[in-house]
Amino acid sequence: MLPANTYNEAFVNAGSRGCGSCHGDLGLLMENSGLNHIKIEGEYGKQVTIADCLPCHRQHWVGAGPYYGDMLHERHYSSDSFDGNCWSCHAQDSSGEVGEYQWELWDEYKYTASLGGFPEDYFDDRVKGWLQQRGSSATGSMANMSLDAEPQLDVSLSQDVLDEEDVFVLNNYGTLEVDVTQWGLNVTGVNEEKTLTLQDLQALPQTEMTVTQVCYTSAINSPFAANIPMKGVLLSDVIEACGGLAGGTNTFALAGADGWATAYIIDFMVQNNAMIALEYFGHPLTADQGYPATLVIPGMPGAPWVKHIVALSGLEQPAEALVNSYALRSDGVTSHKANSAWFQSDGVTAKAGEPLELAGYGFAWSGTDLIAPLATISFSFDYGATWHDVPIPEGADPYQWSTFTATWTPQAPGTYMAWVKATNADGFEQEQPSGLFVVVEE
Ligand SMILES: Nc1nc2c(c(=O)[nH]1)N[C@H]1C(S)=C(S)[C@@H](COP(=O)(O)O)O[C@H]1N2
Ligand SMILES: [Mo]
């Protein structure tokens with residue numbers, strides 16, 4: 001994607017580094033690997049990249065899998081077809097101190113201003129001016145990245161549903177085919193404990209809503225998000241149909257037929273319109289969607305939504321113990337409470353003077369608390385020196401993502417880094433912007 005200058009070819013060796021230089025879609029790679037990996041499918045034409053692996057495998061932790069560095073180093077060194085070296089996958093981003101070498105993934109480094117030869121702090125006007133004077137770059141970056149500080153940008157927002165064929169699938173235990181004649185939803189901790197059949201649920205009041213689902217471990221620039229129209233029975237209606245909560249019951253332990261389990265405070269779920277969904281996109285759920293019923297908690301990421309739900313088991317618990325009782329941690333690993341992404345994978349080309357449409361979405365969520373709604377989606381074409389902020393209109397549904405179409409008309413040819421980031425109403429920004437290389441031709 002970078003201009004063919006000496007710096008990029010001889011020093012950076014761009015194009016021969018990172019997962020994409022040897023592999024295609026890493027989701028497919030995992031599926032064909034023979035490993036018993038969870039089923040993941042990224043969608044809308046966007047490839048699954050190493051960024052999607054990182055939330056679970058950046059380190060050893062109980063909720064996910066082994067540290068990918070341990071596995072991938074060994075896998076590559078034991079491979080007959082890998083003839084690269086450390087720098088095939090990594091970049092060094094030193095602070096300029098001798099010995100202060102920071103190993104980074106090339107696939108993350110390539111989106112930063114450091115690619116131009118300087119750590120971000122040094123990427124200032126003096127350095128840019130010096131480079132411009134020496135003619136090594138028109139833009140002040142040794143990688144010859146072009147900057148657009150005053151982008152001609154027109155952004156429109158909406159809250160469209162995603163095409164169903166583009167919805168991601170994430171099964172932690174593989175696809176489960178449920179025999180509905182054997183299936184029932186067992187409700188306890190209520191005045192009339194019972195097991196509801198699918199017909200029982202269909203006979204209760206049906207409610208329709210549209211809710212964004214995003215995998216808890218969704219990465220920056222991840223394809224694991226979808227806005228889904230659904231229909232089913234509100235949890236409050238299920239409780240009412242069971243004669244109300246028995247005294248003391250404040251929590252439901254939720255169990256899926258495949259063993260997936262979480263627990264949530266009932267007030268929290270009811271306030272957020274939790275629903276036993278029986279239909280997505282106007283039809284009964286498919287096996288991958290959780291047939292015959294999925295418990296949906298609007299405002300919460302995907303993991304607490306329980307597909308193939310078979311039990312709402314009432315518990316009396318101290319409130320603070322069970323806000324978030326599943327195994328995922330809420331620190332570090334999955335702390336980005338706002339996120340946005342491009343639909344495209346890297347490799348977009350455009351023509352100078354002609355409008356280019358960049359599409360993506362923004363959403364905001366929290367793993368442990370009520371959601372702070374998405375407030376702003378911001379764009380930058382000069383590594384964040386200037387941001388173009390687009391506020392989410394008042395009245396937008398906080399349980400649904402906002403999709404954007406950003407129409408950018410680049411004025412001059414060159415290679416640009418488009419950045420987008422989301423900020424929620426608490427001012428919480430996503431951890432790092434989502435980046436996209438755009439090559440603008442004459
Ligand atoms: N029964 C069951 N429910 C589940 C899961 C699962 O593996 N089994 N995965 C969870 C996770 S981690 C996510 S992100 C969403 C994914 O839902 P989808 O496949 O419909 O997109 O389902 C959640 N509910
Ligand atoms: Mo997930």
Side-chain angles (χ1 to χ4, degrees), residues 27 30-31 36-44 46 48 51-57 61-65 161-178 183 185-186 210-219 222-232 252-264 269 274-281 283-313 324-330 333-334 336 339 341 361 363 365-368 401:
M30 286 313 298
E31 210 170 301
N36 183 20
H37 192 263
I38 57 172
K39 178 175 177 181
I40 49 167
E41 281 174 20
E43 294 298 347
Y44 32 84
K46 201 171 176 308
V48 173
D52 300 304
C53 310
L54 294 178
C56 287
H57 297 289
W61 63 293
V62 153
V161 301
L162 186 63
D163 287 344
E164 184 174 1
E165 61 185 29
D166 290 334
V167 176
F168 74 104
V169 173
L170 198 153
N171 289 324
N172 288 281
Y173 309 116
T175 301
L176 182 74
E177 302 286 348
V178 167
W183 180 87
L185 174 60
N186 184 244
T210 299
V211 184
T212 292
Q213 181 183 43
V214 46
C215 175
Y216 196 101
T217 55
S218 164
S222 171
F224 302 137
N227 205 29
I228 303 172
M230 57 184 69
K231 187 172 164 184
F252 277 138
L254 316 166
D258 58 350
W260 190 248
T262 72
Y264 273 88
M269 290 192 283
M275 169 190 272
I276 308 289
L278 305 177
E279 292 185 10
Y280 282 178
F281 296 96
H283 61 73
L285 302 180
T286 64
D288 280 335
Q289 290 165 346
Y291 183 77
T294 289
L295 180 109
V296 166
I297 312 177
M300 295 298 291
W305 297 23
V306 178
K307 305 196 262 192
H308 320 291
I309 179 109
V310 289
L312 301 172
S313 308
N324 178 10
S325 67
Y326 56 96
L328 295 168
R329 307 183 341 184
S330 60
V333 182
T334 54
H336 48 275
N339 194 5
Y361 58 77
F363 56 78
W365 50 267
S366 154
T368 52
W401 68 12

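Values below: every heavy atom of this structure, side chains too, minus hydrogens, waters and symmetry copies. For ligands, and for the atoms within them, numbers begin at 1 and follow the listed sequence.
The side chain of D258, and not its backbone, has at least one atom closer than 4.0 Å to an atom of ligand 1 (non-hydrogen atoms only; side chain from C-beta on). Counting heavy atoms closer than 4.0 Å to ligand 1, residue D288 contributes backbone atoms (N, CA, C, O) but none from C-beta onward.
Counting only heavy atoms of the protein, atom 15 (C) of ligand 1 lies nearest to Q213 NE2, 3.4 Å. With respect to atom 24 (N) of ligand 1, the closest heavy atom belonging to the protein is W305 O, 2.5 Å. Nearest protein heavy-atom contact of atom 11 (C) of ligand 1 is A303 CA, 3.8 Å. When only non-hydrogen protein atoms are considered, atom 19 (O) of ligand 1 lies nearest to K307 NZ, 2.6 Å.
Atom-to-atom distance recorded for K46:NZ and F224:CZ is 9.0 Å, nearest 0.5 angstrom. For the atom pair CE of M269 and CG of L254, the computed distance is 5.0 Å after rounding to the nearest 0.5 Å. The distance from atom CG of L162 to atom OG1 of T210, rounded to the nearest 0.5 Å, is 12.0 Å.
Backbone and side-chain nitrogen or oxygen atoms of H308 are examined, and none is located within less than 3.5 angstrom of a nitrogen or oxygen of ligand 1. Among the atoms of N172, some N or O lies under 3.5 angstrom from an N or O of ligand 1.
For the side chain to side chain contact (heavy atoms under 4.5 Å, CB included) with M230, the lone residue among E279, Q289, M275 that qualifies is M275.
Between the K307 side chain and the D288 main chain, a donor and an acceptor come within less than 3.5 Å of each other. Checked by atom type and distance alone, the side chain of W260 never pairs as donor or acceptor with a backbone atom of N171 at under 3.5 Å. Under a 3.5 Å cut-off, the side chain of W401 and the backbone N or O of A226 do not form any donor-acceptor pair.
Each of the following atoms of ligand 1 lies closer than 4.0 Å to a heavy atom of N171: 7 (O). Against a heavy-atom cut-off of under 4.0 Å, C215 is close to the following atoms of ligand 1: 14 (S).
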Show your working on side chain to side chain contact (heavy atoms under 4.5 Å, CB included) between V296 and Y280 and close with a plain yes or no.
CA-CA 11 Å; V296 166; Y280 282 178; 3.9 Å; yes
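Considering each of F168, Y280, Y173, W260, the one bringing a non-hydrogen atom nearest atom 4 (C) of ligand 1 is W260.
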